[in-house]
Amino acid sequence: MTAVITDPPDTAAATRRELMTGVLQRQGAAIALVIVVAVAWFSFPRFGSLDNLRDLALQSSFLAVIALGMTFVIITGGIDLSVGSLYALGGVLAAYGSQYGFLVALALPLAVCGLIGFVNGVLVARTKMAPFIVTLASLLFARGLLLAITDEGSNTYRVPADSAFIELGRGTIGGFGYPVFIALVLCVIGAVVLRRTRFGQSVFATGGAEQSALLMGLPVARTKITVYTMSGVLSGLAGALTAAYLQSGVTVIGVGTELDAISVVVIGGTLLTGGAGTVLGTVIGVGLRNVIQNIINQIGTLDSNYQSVVSGAFLLLVVVLQRSLARTKPGR
Amino acid sequence: MTAVTATAGGIDRARVARWLQEYGVYVAVAALLLFNVFFTANFLTLGNFRTQLVQAAPVCIVALGMALVIGTEGVDLSVGAVMALAASLIPLYLGAGPVPAIAIALVVGLAAGTFNGFLVAHVGIQPIVATLALLVGGRGLALVIANGQLVQLHDKTFLELGTGDLAGIPISVWIAGLLSVVMALLVGRTTFGRRLVAIGGNRTASALAGLPVKAVLVGVYAICGLLAAVAGVLATARLSASDPADIGMLMELSAITAVVVGGTALTGGRVRILGTVFGVILMQLVRATLIKHNLPDSTAQMVQAAIIVVAVYVARERSTR
Amino acid sequence: TSREAETTSQTGSGPAASAAASQASGPGCTLEKTGYPKVDVKSAIVGFSQSEKEANPFRIAETQSIKDEAAKLGIASDKLLVTNAQSDLNKQISDIKSMLDRGAQLLIVAPLNSDGLQPALDAAKAKKVPVVTIDRKVTSAACTDYLTFIGSNFVEQGKRAAAEMVRVTGGTGKVAILLGSSGNNVTTDRTKGFKDELAKTAGLSVVAEQTGEFDRSKGQAVMEQLIQSNPDITAVYAENDEMGIGAVTALKAAGKNPGKDVKIVSIDGTKNAVQLVADGGYNAVVESNPRFGPLSFKVLQDFADGKEISENVVISDDQYDETNASQKLGNAY
Amino acid sequence: MLEVTDVVKEFVGVRALDGVSFAVRPGEVHALVGENGAGKSTLIKVLTGVHRPDSGEVRLRGEVVSFDRPVRAQEAGISTIYQEVNLVPLLSVAANVFLGREPKTRFGLVDWAEMNRRAAELLGGYGIDTDVKRPLGTLSVGAQQMVALVRAVSTDADVVIMDEPTSSLEPREVETLFSVVERLHEKGIAVVYVSHRMDELYRICDQVTVLRDGKLVHTGPLGDLSRIELVSMMLGRSVNDIREHGATAFGEDHQAGREPILQADNLSSGVRLSDVSVSIRPGEVVGLAGLLGSGRTETARAIVGALPLDGGTVLVGGKALKSGDVGAAMAAGVNMLAEDRKAEGIIPNLSVRENIVLAALPQLSRFGVVSRDKQDKIVDTFVKRLRIKVSNPDQLVSELSGGNQQKVLLARWLCTKPKVLLLDEPTRGIDVGAKAEVQALIDELAQEGLAVLLISSEMEELLDGADRLVVLKDGAVVGELSGDDLTQDKVLAAIAGEAP
Ligand SMILES: Nc1ncnc2c1ncn2[C@@H]1O[C@H](COP(=O)(O)OP(=O)(O)OP(=O)(O)O)[C@@H](O)[C@H]1O
Ligand SMILES: Nc1ncnc2c1ncn2[C@@H]1O[C@H](COP(=O)(O)OP(=O)(O)OP(=O)(O)O)[C@@H](O)[C@H]1O
Ligand SMILES: [Mg+2]
Ligand SMILES: [Mg+2]
């Protein structure tokens, strides 16, 4: 049979160009990261010190775990505002559970936060309520629950000093904390799941064209429920790791973390409209955010009120940069 | 035969559901009012209603702008920061009199909104991200302007905005009411409003229909910024102090909640002004009820979460299957 | 500056003296015990980690006091490292670690939270850097994890507020509490101290306690609600001045006469609140002293000199009431 | 094989299916026809579990089934190409073909190499030679439709349902599709085929079921019915009435003015358009012919300013238009009816009234305030003139059938009193009755002096409707035909690259 549809040669070239700009856009954050790191490396002698890098990696690991879940949610075209509260709740539950041993300390936050994530997912998938509002409600709910558990926040659970659980947060390999490796492993698994499994494909399809995915017989509802549950579990895990690291279930953490997570995911090139995104991008986004923070610290003299101005301006800069890279795409 | 009755039942339920979707928020407000009349001490007093309205006024004004933005399938996270910016400028210019001070605050709000609109319409950045930048940076800027300080205000005329009455009704309530009417007319009766809704419904089609999509979007965000500044000015007057550190904190979430609870879907293409106003009143009454019954913060937050879910569940767009 | 001088000079002389004597409590800590190197304070690199944005009078005064004292001691400005955690606990930990990286030999930390700073303290310990925590006590071990705590006793502040409350109300009435942010241990302590002390007076009862999140406008909004549903409230205890001032505005709007019909007691000692006391629209303010600079550096110097440092160094908190508010106005921050 | 009995499906306000029974047997190609809004798509959605019927039964191989989700129907062996192309634009072509049934490696991971290879092989088998790794969205609508077809028939289904599969296909692709249907037929697979194109039905279908207003009108062998009988059943009008109309509703040539009102010169845009020039005189209908992807849509979009230009000018009445500004083009009286009604035409959440007046709002307002009276008058006029079937003007436009939506869009443009109308596939996917009405309307408009650019994939429509044809290939003009040269052979010759 003769070919009915062929890409004309010059269209093939256009496709290549599109792919290139796509790569550029996705790498926009990576390029920014390289530049920022290079500048920091040469301007601040302490930046490149092993201690600083270790700390940077450790601080990034908690956010990376949360942002990993957020990446999946955003690719399905959703959003999860509850991660900050779940992060704090997870920490408190882990500290509470640690009196009953390592397993409880780990299982309790994962189970409870996972359950709240699951409810988010069910509400989003089955009732067609906007994810924004559903997860906004669970942001409130999880905070309320946290306060209820801690006697209106007056009671901070501490991880017993002899608990094996502490090791999870404080143990190191080559000076790098366990959370760093846990986050790395999770991100690698996340990337494989996203790119190389049917579930990953239905995550993309759900976000790219939900109606089509449904008509193509993909388990759209199940996919959504799964990603929100995942996001809950991962936030809970990040909380548990933090509790192990801080040796206590601190109640005041996680305020505004959802916005951090969303912005690093977006900086990493994941489309807020859904349908496209990568785990690697998110990891880069986390790195970028924390390196900038680190630089602000290295400068040291910046008035605290200016710090947020700088952060805001920087977020804007990266997003605009990315957008203009995407613009070079012919047409549209 | 059974099939027919089943159908009839189904339609009835569908009709009830539709009715609830349309009027749910009014029913909820009425129900909550009734509850309070019976179970809350000293609820039926003029002073109480006055308090509720005065407290709701700034949120209402912000929510009106938010409703427009949501109507275009957008969202504006920066409203709280814009309120802080407006507040930080007041004391700087109050020396020249209340009118210039207010004017400058409003102009800055308008400019901030226009900037958001520019990012969304011309640069093509997702509304959440575009306005997130100002949410993060805006309050910092306000604090820089104000030197991190809360400033007590003493200008009588200016403070009158927060405490004064006109025909027995607080000025801020007048302003909120007036702005609600203006917004309702704007959405329902003007070219701008109809275009806004069309753009929210189908942006590509609107562009191909020759609508000035970018200009309308910029306009919508500018209005939202302006209204946030108005709310910032009123809240400042009511507080009798400029407090950029705290004013409008989490206002974006309150406003979005009110709009959505009021029946405007986040998917755009529809703006319900009256619903929004009642959404604000509903959330205000919920908060008031929780405080008046002295519920602890933990319970209060969980109850609010439940109410939001139920209200939005009832008002959600249904798909027919 | 003159203000610090005033504070220092007043230590041990004002009405607060008895409650605020900087007496040693617990066994002392010495250079010898810790095995830390001796560091000359004046030529050392000193790090200060602030917890929240300098966006309220307390934080502004606190940071300023540290900076001023360092300048006074002749510490070069590039040797005083200052960071701000922006209310992010993880950031405070990395702030502290990064200051250690940058060679800080002495640390002054205003903890964001009582719990959770352990990793940072461990890092300091590993580098044999003494840490002075100010304004909020951490739950770690003194002398091993950190050198000492300088600050107010929040439970004590609550108690003193209750005592003032009893005094200004004459021991009868219905009290509303404007709580600080939920989950914050300052809130917890100030509530505990207040309630424990208040319980001793039968005539006073707490009729409502709602959070105003340490914020003036929230305090005002909550007060407006409470005064509607409980018109018989005769006293308000606000856990910081800002909420107290918010309550004043709310009460005025409701046609009440704050300071007279409804008594108001709060904690902090900001200018605005003290001014109100002086004007008679407010009843009492228990100070929470933010001027940690002189004491912090003195403690560090003493430590370097081999002196014994007690576990808690309680800074003297003043108190303002109708009798002294106008004279001491200059002392408020 | 697959049958339904007495299904009723009601949407709020409309009874889309009213006691319809329908059956398809193995190896049968069963045509499902009816006017727009007759309920064809709804029936298909009921068959495949997208909608649940209010009453009635669905049987597969004699057993009552109740699919609660489309995937259940797929698992049971019913494969469907829905009316709107339903794939995921951001995913690659290969991923779309295999979505939900990706080949896996030993470790249970998706085997991309294998998937791409098999996708290329499959598509190649149907004559589609494209890079399977590129995002589907970069393909033209027709190519996407072919991918959907390949996806549907590459599963081992017993029943294949196609809802208007040819509406965006080119003649050559249609042939491919027919050969696919032929193969399915030979394998004993049941095919349900929905189309508005009579020729197609008679070429490939054996059975026909006619729906009208949600009711079953006729079912039986197609061969027993003449075209006219079939059309009369669909429309519910007498055979004689229909006879008076021809194959299309176009009349004689038009009296065109002398000077072109629209003159587009050397339009170029990236790789999609190179040096395309078109001019139209008032009262003239100029057709754009070409194969799928030849750049016809792009030409129209370039003229109206919806496609950024690298070069070229558009003159209207001698004055140059600002490039890239749809508003400016509209102000100058140039309007475009877009080919994708759903994505680029209607505003689904707005009423028929608002959809009609949308573009004309400024003319209907004073100081930005819209006048209700003027609106009503205009809407009334056009609803009557175009015979738009609505219960009332406040009905949501999304509740209308395709043909009526198309008329609403035409009304939107007509009420701005345009000088030039660019119509991209104005009759795509609308039924015979509505199609004739639209065609007659185009004629009428040209008669009144409007300049019309007509893009259509139906040769018949172009040859009958246009006074002059511009033939495009790969984004460039390869020929211009008029008068007696307007024949199918000449057009094809031009496309094939032989001098006309
Ligand atoms: N989801 C829906 N909600 C409300 N009404 C609907 C819905 N889907 C279809 N309808 C209505 O049901 C009727 C039948 O529509 P359907 O799409 O089945 O027609 P069709 O025969 O496929 O027409 P076309 O040839 O235009 O595709 C129409 O009146 C349509 O407006
Ligand atoms: N988004 C895109 N990116 C790259 N190339 C595209 C894109 N859309 C279309 N093209 C290419 O541009 C050319 C013209 O496509 P166009 O859709 O205009 O053709 P057409 O003749 O109008 O066909 P149709 O019958 O589908 O309307 C084709 O080669 C097509 O593959
Ligand atoms: Mg159809
Ligand atoms: Mg086309």
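To find a chain, count down the sequence lines: A is the first, B the second, and so on, and within it residues start at 1.
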Visitor: Determine yes or no for a side-chain-to-main-chain donor-acceptor pair under 3.5 angstrom, with B/Thr131 supplying the side chain and B/Asp76 the backbone.
Guide: no

Visitor: Answer with side chain, backbone, both or neither: which region of C/Ala253 has an atom nearer than 4.5 Å to a non-hydrogen atom of chain B?
Guide: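 When you check distances to chain B, no heavy atom of C/Ala253 falls under 4.5 Å.
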
Visitor: How long is the straight-line distance from CG of B/Leu239 back to CG of B/Leu159, given to the nearest 0.5 Å?
Guide: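 Going from CG on B/Leu159 over to CG on B/Leu239, the span is 10.0 Å.
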
Visitor: Can you list the donor-acceptor atom pairs spanning chain B and chain C that come in under 3.5 angstrom?
Guide:
from	atom 1	to	atom 2	distance (Å)
B/Asn42	ND2	C/Ser229	O	3.0
B/Gly47	O	C/Gln228	NE2	3.1
B/Asn48	N	C/Gln228	OE1	3.1
B/Thr51	OG1	C/Gln228	NE2	2.8
B/Gln52	OE1	C/Gln225	NE2	2.9
B/Gln52	NE2	C/Gln225	OE1	2.7
B/Gln55	OE1	C/Gln225	NE2	3.1
B/Gln55	NE2	C/Ala221	O	2.8
B/Gln55	NE2	C/Glu224	OE1	2.7
B/Gln152	OE1	C/Arg216	NH1	3.1
B/Gln152	OE1	C/Arg216	NH2	3.3
B/Arg238	O	C/Gln220	NE2	3.3
B/Arg238	NH1	C/Glu224	OE1	2.9
B/Arg238	NH1	C/Glu224	OE2	2.5
B/Lys292	NZ	C/Gln225	O	3.3
B/Lys292	NZ	C/Gln225	OE1	3.4
B/Asn294	OD1	C/Glu209	N	3.0
B/Asn294	OD1	C/Gln210	NE2	3.1
B/Leu295	O	C/Gln210	NE2	2.8
B/Asp297	OD2	C/Ser182	OG	2.4

Visitor: What is the distance from atom CG of B/Leu94 to atom CG of B/Asp155, rounded to the nearest 0.5 Å?
Guide: 4.5 Å

Visitor: Under a 4.5 Å heavy-atom cutoff, which of B/Gly140, B/Ala41, B/Gly47 has the most pairs with chain C?
Guide: B/Gly47

Visitor: How long is the span from the CD1 atom in B/Ile61 to the CG atom in B/Leu179, to the nearest 0.5 Å?
Guide: 5.5 Å

Visitor: For residues 239-259 of chain C, pull every pair meeting ring pair (Phe, Tyr, Trp, His ring centres under 6.0 Å), keeping only residues two or more places apart or in separate chains.
Guide: none

Visitor: Roughly how far, to the nearest 0.5 Å, is the CG atom of B/Leu250 from the CD1 atom of B/Ile256?
Guide: 11.0 Å

Visitor: Just give me the residue among B/Leu150, B/Leu143, B/Leu295, B/Leu290 that pairs up with chain C most often, heavy atom to heavy atom, under 4.5 Å.
Guide: B/Leu150

Visitor: Let's test your reading of the structure: which of C/Ile60, C/Leu179, C/Leu226 forms the most heavy-atom pairs below 4.5 Å with chain B?
Guide: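 Top count of heavy-atom pairs under 4.5 Å with chain B: C/Ile60.
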
Visitor: Hey, what do you get for CE (C/Met243) to CD1 (C/Ile267), rounding to the nearest 0.5 Å?
Guide: 9.0 Å

Visitor: So, taking the atom named CZ in C/Phe292 and the one named CD1 in C/Ile108, what distance separates them when rounded to the nearest 0.5 Å?
Guide: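 Going from CZ on C/Phe292 over to CD1 on C/Ile108, the span is 11.0 Å.
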
